[in-house]
Amino acid sequence: MKVLLLEDDVALSDILGEHLKDRGFDVTLAYTGDEALDYLVDEKYDLALLDINTPNMTGLEVLRTIREYKNKTPIIIITAYQDTKHLKEAFENGGDDYIKKPFDLEELDQRLNKICRYFSIEQTQELIISDTIKFIPSDNVLYISDKLVKIAQKESDILKYFCTHSNRIISSDELLQNLWTYEDMPSDATIRVYIKTLRELLGKDKITTLRGIGYRFEQK
């Protein structure tokens, strides 16, 4: 999936760009509005994220211009504005969704998932776990030394969550709140079984248990 990100804050652009790449997206970074417009006119993207406050052209001006070109690329507008004026202008000019700063990466993921579902954008991701292990979340499949290993849906959900939140502590409560509905919440023992299975497949060093605190997934 090919994504264009327009964000003139270099630090934020790096964070968002790395996160999108970790999710398996092919990311192009633009730092000015006219640069983003050139990319959108010259190349085909599955999705674009456009910040409003950018040099030379604003994200809204880029949006308005590409819609005049009949370019139908799905667009998520990013802004620090908290008023409804800019929200209204974004939608009137053909924006498909809107996210307000500050936002966390989980909210961004949900916005991306919503757009992909609505526009039937295929999210074929290949996540690199290690030099010998690849993970295809959409197929619930691991390739371990090129050998295909099918895993259960919840094991896949947990591993995908670990991959998008790697190298930090994740509690059982966080997994429960993000991967299960209230009615279907399992016990801690069930989660431990899923983790044990993943650890056996990936290697014991990939998922560290911090007793009484949670888990840490190590990703290079």
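Numbers here simply count residues along the sequence, with the first being 1.
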Student: Applying salt bridge (charged side-chain N to carboxylate O under 4.0 Å, His left out), which residue pairs with at least one partner in residues 63-75 are found, sequence neighbours left out?
Tutor: R64-E89, R67-D96
Student: Crowded around D83 CG? As in, over 12 foreign heavy atoms under 6.0 Å?
Tutor: yes
Student: What pair of heavy atoms forms the shortest contact from K2 to D46, and how long is it?
Tutor: N-OD2, 2.7 Å
Student: List, by chain and then residue number, the residues other than L37 in its hydrophobic cluster (Ile/Leu/Val/Met/Phe/Trp/Tyr, side-chain heavy atoms under 4.5 Å); write none if there are no others.
Tutor: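 The other cluster members (ILVMFWY side chains, heavy atoms under 4.5 Å, direct or chained) are L4, L6, Y39, L40, V41, Y45, L50, I52, M57, L60, V62, L63, I66, Y69, I75, I77, Y81, L87, F91, Y98.
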Student: Would you name the heavy atoms of N56 and E61 that are closest together and state the gap between them?
Tutor: O-OE1, 4.4 Å
Student: Are I195 and V149 co-members of a hydrophobic cluster defined by side-chain heavy atoms under 4.5 Å apart?
Tutor: yes
Student: Can you list the steps and then say if D157 with W180 is a side-chain contact (heavy atoms from CB on, under 4.5 Å)?
Tutor: CA-CA 10 Å; D157 292 341; W180 278 272; over 6 Å; no
Student: Is the number of heavy atoms from other residues, nucleotides or ligands within 6.0 Å of NZ (K101) greater than 12?
Tutor: yes
Student: L127 and P137: which non-hydrogen atoms are nearest, and at how many Å?
Tutor: CD1-CG, 3.8 Å
Student: Okay, side chain of K150, backbone of D139: is any donor-acceptor separation there less than 3.5 Å?
Tutor: yes
Student: Under 4.5 Å between side-chain heavy atoms, counting indirect links through other Ile/Leu/Val/Met/Phe/Trp/Tyr residues: same cluster for V193 and I170 or not?
Tutor: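 No.
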Student: Please give me the minimum heavy-atom distance between E174 and I169, naming the atom from each residue.
Tutor: OE1-O, 4.3 Å
Student: Sort out for me which residue in K160, K154, Q153 forms a side chain to side chain contact (heavy atoms under 4.5 Å, CB included) with N140.
Tutor: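 Only match with N140 under side chain to side chain contact (heavy atoms under 4.5 Å, CB included): Q153.
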Student: Measuring from F135:CZ to L159:CG, what's the distance to the nearest 0.5 Å?
Tutor: 4.0 Å
Student: Sequence neighbours excluded, which residues qualify as side-chain contact (heavy atoms from CB on, under 4.5 Å) partners of A189?
Tutor: S187, R192
Student: Count I, L, V, M, F, W, Y as connected when their side-chain heavy atoms are under 4.5 Å apart, and connections chain through other members. Are Y118 and M1 then in the same cluster?
Tutor: yes
Student: Between the main-chain N or O of L16 and the side-chain N or O of E18, is there a donor-acceptor pair closer than 3.5 Å?
Tutor: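 Checked: no pair found.
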Student: Search all heavy atoms of D205 against all heavy atoms of E218 and return the closest pair with its distance.
Tutor: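 That closest heavy-atom pairing would be O-CG, 3.9 Å.
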Student: Got a sec: does the NZ of K88 have more than 12 other heavy atoms crowding it under 6.0 Å?
Tutor: no
Student: Please lay out, stage by stage, how N113 and R117 fare under the test side-chain contact (heavy atoms from CB on, under 4.5 Å).
Tutor: CA-CA 6 Å; N113 291 340; R117 286 194 303 270; 3.6 Å; yes
Student: Would you compute the distance between atom CG of D51 and atom CG of D9 and round it to the nearest 0.5 angstrom?
Tutor: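 So the CG of D51 and the CG of D9 are separated by 8.5 Å.
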Student: Applying the 4.5 Å side-chain criterion to the ILVMFWY set and letting contacts propagate, would L47 and F119 be lumped into a single cluster?
Tutor: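 Yes, same cluster.
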Student: Classify the side-chain pair D173/S171 by whether it contains a donor and acceptor separated by less than 3.5 Å.
Tutor: no
Student: Working to the nearest 0.5 angstrom, can you tell me the gap between L202 CG and I151 CD1?
Tutor: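 It is 8.0 Å, given to the nearest 0.5 Å.
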Student: Quick one: pull up NZ in K196 and CD1 in I207 and give me the separation to the nearest 0.5 Å.
Tutor: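 These two atoms lie 13.5 Å from each other.
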Student: Counting only heavy atoms not in K204 (residues, nucleotides, ligands), do more than 12 fall under 6.0 Å from its NZ?
Tutor: no
Student: Say whether L175 and M185 are linked into one hydrophobic cluster, either directly or through other cluster members, by side-chain heavy-atom distances under 4.5 angstrom.
Tutor: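 Yes; M185 is reachable from L175 via cluster members.
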Student: Supply the atom-to-atom distance T54 OG1 to E7 CD, rounded to the nearest 0.5 angstrom.
Tutor: 8.5 Å
Student: Give, for atom OH of Y143 and atom CD1 of I133, the distance between the pair rounded to the nearest 0.5 Å.
Tutor: 14.0 Å
Student: Measure across E35 and L29 and return the closest heavy-atom pair with its distance rounded to 0.1 Å.
Tutor: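 Of all heavy-atom pairs spanning E35 and L29, the closest is OE2-O, 4.1 Å.
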